[in-house]
Structures are given as C-alpha cells and as structure tokens.
Amino acid sequence: MKILKRTRLPAIVALAPLCVFLLTLLVSSPLQAETDDSPTLSVAYCQDCLPFQFTNADGAADGLIIDYWRLWSKKTAISVEFIAAPWKETLSLVREGTVDAHAGLFFNDERDAFLDYGVALSKTDTHLFFHRSIPVTRDFQQLTAYRVGVLSKDYVESFLKEKTADGHIVGYPDYDTLVSALKRGELRVFAADTPSGLYHLKRAGLLADFNRIGDAPLYRNEWFVATREGNSSALKVVNEGMASITSTERRTIGRRWTASGDRGGKSALIIGMERDRPPYAFLNAQGRPAGLFVDLWRAWSKKSGREIRFHAAGRNEILEKLRNGEVDMHAGLPYLESQAAWIGYSDQIYRTGSRLYYRQGAKPPPDPLPTASYSLGIQTGSFQEKRVQTLF
C-alpha cells in the first residue's frame, strides 16, 4: 500500500461546504490529501482479528468491518488508507494521532479516556477456551488456577482482570504468538472473540483440543468506530457516512461473512445453525458444520439444486440474524408461540422428546414436580425452559 504524504488543505479551498468541513477536520486530525487533492482518511485495523478485520493472503485489508469502511468510502467519496497492526498497536496509532480512526473496537472506560466512539457496526460474543485436559468453567475464582491468554489491550483483558486475581491474565501481542504458546503447552486457557478464536484454533490444527461452554459466552458486545479524543470533526464525517449505510446494505455485508471467515455466494441460501447443539447442529473437530439438521439441509440442497451455506453462531445470535435477514433459514428449532409472530415455521422435519434426568440411584421425582421442593436445571432460552414456565 502506498503511504500518502500528509498535507493540509489550503484555506482558499473553503469555498464549498464539503471543503469547509474537510478543512475543519484537518485542523484536529491527520487527514490526508492525494496529489489531486482528493481527501483520504487513514484507518487502523487489527491484522489478524478474523472475520471482522484482518490482512488477507493478498496483503489487503479484509473482513466484515472492512467491508463497512469500503462502502463508507463509496458513499462519502473519501478514500480510506488502511493501516494494519497488531491489536495493541492499533490503539496507539489512534491515541497518538498517527491515524484518523480505528476500524472497530469495543467500548471500555480505559479507552474512552483517549477515544471518541461513533456508531456501532456489528456484534459478537466472546468465549473462554479450555484445553480438553482441564474442565471448562464460568467460575472466575477457578480461573485463578490457570494462566489465561488474551490479546494485549483487548477488551477481554480488562474484563477478566476485574474478575480474577492479579497475575493470571497474560497479554500477547497477536494471535500468532498466543497460538504458539498453545502449541507448546505453555498455555491451556485463552479468551477471544468467538469467531476469531475458532478460526485460529482451526488454522493451527488445535480445534479438537479445546472446549468452551457454547451457550454461555463471557459477554456479547458491539464493534464501534472510533477517533482520537476531541477529534469531533473526523467523528462527525465518519458517523454521517456510516449512518447512510442502509439496513439492506448492512444485511448484505452480514450475509457475506460466516463464522469461519469465508465468503458466501450471492445466490446461496444462508442457513443459520447453532455451533454447539449436538447432535442436531455443531462445528466438528475440523471446524466444519455437522449434525442431523446439517445433513438434512445438505440432502435438500442436492435434491433442489440450490446452493446453501451455513452460518454458525450462538443461539441468540442466530435468532437475531434471522430477524434482521442476515440468514435466510434456521437449521431447525422447536415451535414457540412467542416467536411465531415473526418466524415462519415449516412443516415438521424432525420429532424428539424431552425428559427429566436425575442422579442414578436417587429417588425419582414425583409427577407433577413440586416447584417448592425441587430445583430444576435447564438451558436458558431453550424450548424446554419456555415449556416448563407454562407448567409452573
């Protein structure tokens, strides 16, 4: 990528409204100008945070968030110069004013001290990943038994440090360094945005070696654009451009990217599947969609001649993407009257039962179950939870 020489626009160009705005922007940020005086905004992005922002095999900026910026550029007629860097360095580039904006990041109070946040672009969840030799847990006190790897200065680093004892959260400059520690056995637990963690484990051949609590992420968060603190002019033009991206265009961008970072065909039917719901739908040890519902859809595709692509994510995320049109179909879910107002259900494709399970050797619970005497464990948001709520 050609690095453009930073120049300031002369005051005499302040004859047109756009030029007035650009001149104001240049006073407070390093907005660039090409030799033909067309404006350029420099944007720092994470070099390996797939599928959101990364450098592809051709050495170019790529990802879901990068697609937002490219569309922003078309709408504003302002060129974007993408600057790739390890995650921690992307923050420094914006804080020091070396670039005009950050492509996308989560909000936290520490960053808010030197950043101004703009519009939200997308959402993702974040998980803890555990080597298969140790138990998975959401108990933060139990995490103190391990070193937990994270990207240095990533949101999850400060999140976990607030909940665990000092010294157990270890920051790494990039995913390559973190994954190398996993390969050497120096690290057995790490935390990452779920699609990024899955991608890097898959690429390293470690996917089968790590587990996570699929339906219990640490949190779900939004990616925001951001500029240096006080650079209100730059933030204004960024926000206005992003706000001009329509809901249809947002859906198109969202549909283009799957959890593995692969691009889908334009004519493909996008099937949303839960990534951790065996035996019905899940990502197998090789990171590929598998399960009973996946096989049914593949058979449907073969018979119909219609191309399909699977988008794997958490339960709530898939429902959200179904609602906003980023996926066309849910691979398979039980009928709920509360969802029938916005979900169109097909004819039944599979039937299964639900049972109460109790410890072997224990006295079976009575029927009906007295709620005052028994605690019932159930998956949050599941059909079984909704059904039980109607019984008690």
Colleague: Is the ring pair Phe130/Tyr146 parallel, tilted or perpendicular, if the boundaries are 30 and 60 degrees?
Modeller: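 Geometry flag for Tyr146 against Phe130: perpendicular rings.
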Colleague: Return yes if a side-chain donor-acceptor contact under 3.5 Å exists between Tyr345 and Gln339, otherwise no.
Modeller: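 The criterion, which ignores hydrogens and geometry beyond distance, is satisfied for Gln339 and Tyr345.
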Colleague: Give a yes or no on whether the backbone of Trp257 and the side-chain of His311 come within a donor-acceptor separation of less than 3.5 Å.
Modeller: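 Flag set: sc His311 to bb Trp257 pair under 3.5 Å.
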Colleague: Counting only heavy atoms not in Lys321, do more than 12 sit closer than 6.0 Å to its NZ atom?
Modeller: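 Result for NZ/Lys321: enclosed.
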Colleague: Atom CZ of residue position Arg288 - does it have more than 12 heavy atoms of other residues, nucleotides or ligands inside 6.0 Å?
Modeller: no
Colleague: Do Phe224 and Glu222 come close enough that some side-chain heavy atom pair is under 4.5 Å?
Modeller: yes
Colleague: Counting only N and O atoms by type, is there a donor-acceptor contact under 3.5 Å from the side chain of Asn324 to the main-chain atoms of Glu326?
Modeller: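 At least one qualifying donor-acceptor pair exists.
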Colleague: Quick one: list whatever passes side-chain contact (heavy atoms from CB on, under 4.5 Å) with Lys75, sequence neighbours left out.
Modeller: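 For Lys75 the side-chain contact (heavy atoms from CB on, under 4.5 Å) partners, ignoring immediate neighbours, are Leu71, Ser244, Ile245, Glu249.
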Colleague: Between Trp69 and Gln53, is there a side-chain heavy-atom distance shorter than 4.5 Å?
Modeller: no
Colleague: Classify the angle between the aromatic ring planes of His131 and Phe210 as parallel (below 30°), tilted (30 to 60°) or perpendicular (above 60°).
Modeller: perpendicular
Colleague: Output yes when Asp125 and Arg212 qualify as a salt bridge under the 4.0 Å nitrogen-oxygen rule, no when they do not.
Modeller: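 Salt bridge between Asp125 and Arg212, a charged N being under 4.0 Å from a carboxylate O: no.
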Colleague: Pairing donors with acceptors under 3.5 angstrom, does anything connect the side chains of Ser301 and Arg298?
Modeller: no
Colleague: Kindly state whether the ring of Tyr155 and the ring of Tyr219 have centres lying under 6.0 angstrom apart.
Modeller: yes
Colleague: For residues Leu128 and Ile213, determine if any side-chain heavy atom of one lies less than 4.5 Å from a side-chain heavy atom of the other.
Modeller: no
Colleague: Taking only residues two or more places apart in sequence or in another chain, which ones pass ring-ring contact (aromatic ring centres under 6.0 Å, His included) with His330?
Modeller: none
Colleague: Check step by step if ring-ring contact (aromatic ring centres under 6.0 Å, His included) holds for His102 and Trp87.
Modeller: CA-CA 11 Å; His102 197 290; Trp87 180 258; 5.2 Å; yes
Colleague: Is it true that atom CD of Glu337 has more than 12 heavy atoms of other residues, nucleotides or ligands lying nearer than 6.0 Å?
Modeller: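 No - once you tally the heavy atoms of other residues, nucleotides and ligands closer than 6.0 Å, there are 12 at most.
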Colleague: Under a plain distance cut-off of 3.5 Å, with no hydrogens placed, do Arg255 and Thr252 share a side-chain donor-acceptor pair?
Modeller: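 Absent: no donor and acceptor within the cut-off.
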Colleague: Using modelled atom types only, decide if a donor and an acceptor are shared between the side chain of His168 and the backbone of Ala145 within a distance under 3.5 Å.
Modeller: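 Such a contact is absent between His168 side chain and Ala145 backbone.
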Colleague: Is a side-chain donor or acceptor of Arg147 paired with a backbone partner of Glu186 at a separation under 3.5 angstrom?
Modeller: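 Judged by distance alone, yes, a pair lies under 3.5 Å.
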Colleague: Checking Ser196 side chain against Leu50 main chain: does a donor-acceptor pair fall under 3.5 Å?
Modeller: yes
Colleague: Under 3.5 Å, side chain of Glu320 to main-chain N/O of Asn316, donor-acceptor pair present?
Modeller: no
